[in-house]
Amino acid sequence: MIRDFGSVEFLYLLAAMRWTLGLSVLAFVCGGIVGLVLALARVAPVAPLRWLAAGYIQLFQATPLLMLLFLVFFGLALFDLGQSAFLSVTIALTCYASAYFGEIWRGSIQSVPQTQWQGSAALGFSYLEQMRHVVLPQSVRIATPPTVGFMVQLVKNTSLASIIGMHELAHAAQYVNNVTLRPILVYGVVGAMYFAVCWPLYMLSRRLEKKFNANR
């Protein structure tokens, strides 16, 4: 039975939107934690740590997110962990986001002028104290605009989770389209929902970039 696209269908899409937002936040938090470790490892004075972090970043930046989702989803079964779409998406998005956050934040740390390192060393700071009191506070300002900008990519990339059956906005759109047969209307509404989330993040990124550049 074909249904009209009405308020019920719209509310159904709106309810699915919370999963898109939830996955985005989860990817940001989990990816951010791993990404920070990677960034610190990339600038560490211990060479093997830098090599390991660089290898991780290259591996997951070079692997398409879609392939990563399939590998994790089907790979979980090999370890008797079932085929949980939520767990698979969480792991895949964490690996994907952490690789990019690691590289963004590595560049931000290395953008801090060498004179700051030398000055803090002259004050007798240890490496960890240099990081904590001098380098990281400055690199946060440099990293904030690109970090917010990458969140736009994270929100949009959560739509790939529908491929393995995760019920988020794109997956809900497929279902609504199947029962209404109004693809232009349905996907137009869904596109507007993504835009409503991504556009403010994009504008925030531009504003932060201008603000921090002006303050330098």
Quiz item: Relative to the ring of Trp105, is the ring of Phe101 parallel (under 30°), tilted (30 to 60°) or perpendicular (over 60°)?
Solution: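 Parallel, since the angle between the ring planes stays under 30°.
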
Quiz item: Which class fits the ring pair Tyr12 and Tyr175: parallel under 30°, tilted 30 to 60°, perpendicular over 60°?
Solution: tilted

Self-check item: NZ/NE/NH1/NH2 to OD/OE distance under 4.0 Å, Glu103 and Arg106
Solution: yes

State plainly whether one hydrophobic cluster holds both [X] and [Y], where clusters connect Ile, Leu, Val, Met, Phe, Trp and Tyr through side-chain heavy atoms under 4.5 angstrom apart.
X: Val34; Y: Leu71; value: no
X: Leu68; Y: Leu66; value: yes
X: Val140; Y: Met151; value: no

Smallest separation among heavy atoms of [X] and [Y], with atom names:
X: Thr94; Y: Thr90; value: OG1-O, 2.6 Å
X: Leu154; Y: Ala97; value: CD2-CB, 3.9 Å
X: Met131; Y: Pro137; value: O-CD, 3.8 Å
X: Val176; Y: Thr180; value: O-OG1, 2.8 Å
X: Phe60; Y: Ala99; value: CB-CB, 3.8 Å
X: Gln174; Y: Ser162; value: NE2-OG, 3.6 Å

Approximate separation, where rounding is to 0.5 Å, of [X] [atom1] and [Y] [atom2]:
X: Ile164; Y: Ser84; atom1: CD1; atom2: OG; value: 8.5 Å
X: Leu76; Y: Ile91; atom1: CG; atom2: CD1; value: 5.0 Å
X: Ile104; Y: Thr144; atom1: CD1; atom2: OG1; value: 11.0 Å
X: Cys95; Y: Leu65; atom1: SG; atom2: CG; value: 10.0 Å
X: Ser111; Y: Gln116; atom1: OG; atom2: CD; value: 12.5 Å
X: Tyr96; Y: Leu160; atom1: OH; atom2: CG; value: 8.5 Å

May I have the list of side-chain donor-acceptor pairs in residues 13-25 shorter than 3.5 Å, sequence neighbours left out?
from: Arg18; atom 1: NH1; to: Ala15; atom 2: O; distance (Å): 2.8
from: Thr20; atom 1: OG1; to: Leu169; atom 2: N; distance (Å): 3.1
from: Ser24; atom 1: OG; to: Thr20; atom 2: O; distance (Å): 2.8

Practice problem: Would you please test Leu208 and Val148 for side-chain contact (heavy atoms from CB on, under 4.5 Å) and show each step? | Solution: CA-CA 9 Å; Leu208 290 171; Val148 175; 3.9 Å; yes

Practice problem: Walk me through it: do Ser120 and Gln130 pass the test side-chain hydrogen bond (donor to acceptor under 3.5 Å, both in side chains)? | Solution: CA-CA 6 Å; Ser120 57; Gln130 285 179 299; 2.9 Å; yes

State whether the side chain of [X] and the backbone N or O of [Y] hold a donor-acceptor pair below 3.5 Å, judged by distance alone.
X: Asn177; Y: Ala173; result: no
X: Glu9; Y: Gly6; result: yes
X: Gln138; Y: Val134; result: yes

Just distance, no hydrogens or angles: give the donor-acceptor pairs under 3.5 Å from side chains in residues 181-207, sequence neighbours left out.
from: Tyr202; atom 1: OH; to: Arg206; atom 2: NH1; distance (Å): 2.9
from: Ser205; atom 1: OG; to: Pro145; atom 2: O; distance (Å): 3.0

Self-check item: Close side-chain approach of His171 and Met166, heavy atoms under 4.5 Å
Solution: no

Quiz prompt | Centroid-centroid under 6.0 Å between Phe28 and Phe150 rings | solution =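 No, the ring centres sit 6.0 Å or more apart.
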
Quiz item: Would the Phe10 and Phe5 ring centres measure less than 6.0 Å apart?
Solution: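 Ring-ring flag for Phe10/Phe5: false, centres at least 6.0 Å apart.
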
Self-check item: From CA spacing to verdict: side-chain contact (heavy atoms from CB on, under 4.5 Å), Leu69, Val89
Solution: CA-CA 6 Å; Leu69 281 167; Val89 172; 4.0 Å; yes

Could you pull out every donor-acceptor pair under 3.5 Å between side chains of residues 36-56 and any protein atom, sequence neighbours left out?
from: Arg50; atom 1: NH1; to: Ala44; atom 2: O; distance (Å): 2.7
from: Tyr56; atom 1: OH; to: Ser98; atom 2: OG; distance (Å): 2.8

Quiz prompt | Step-by-step side-chain contact (heavy atoms from CB on, under 4.5 Å) determination, Tyr127 to Trp117 | solution = CA-CA 9 Å; Tyr127 179 78; Trp117 288 87; 3.8 Å; yes

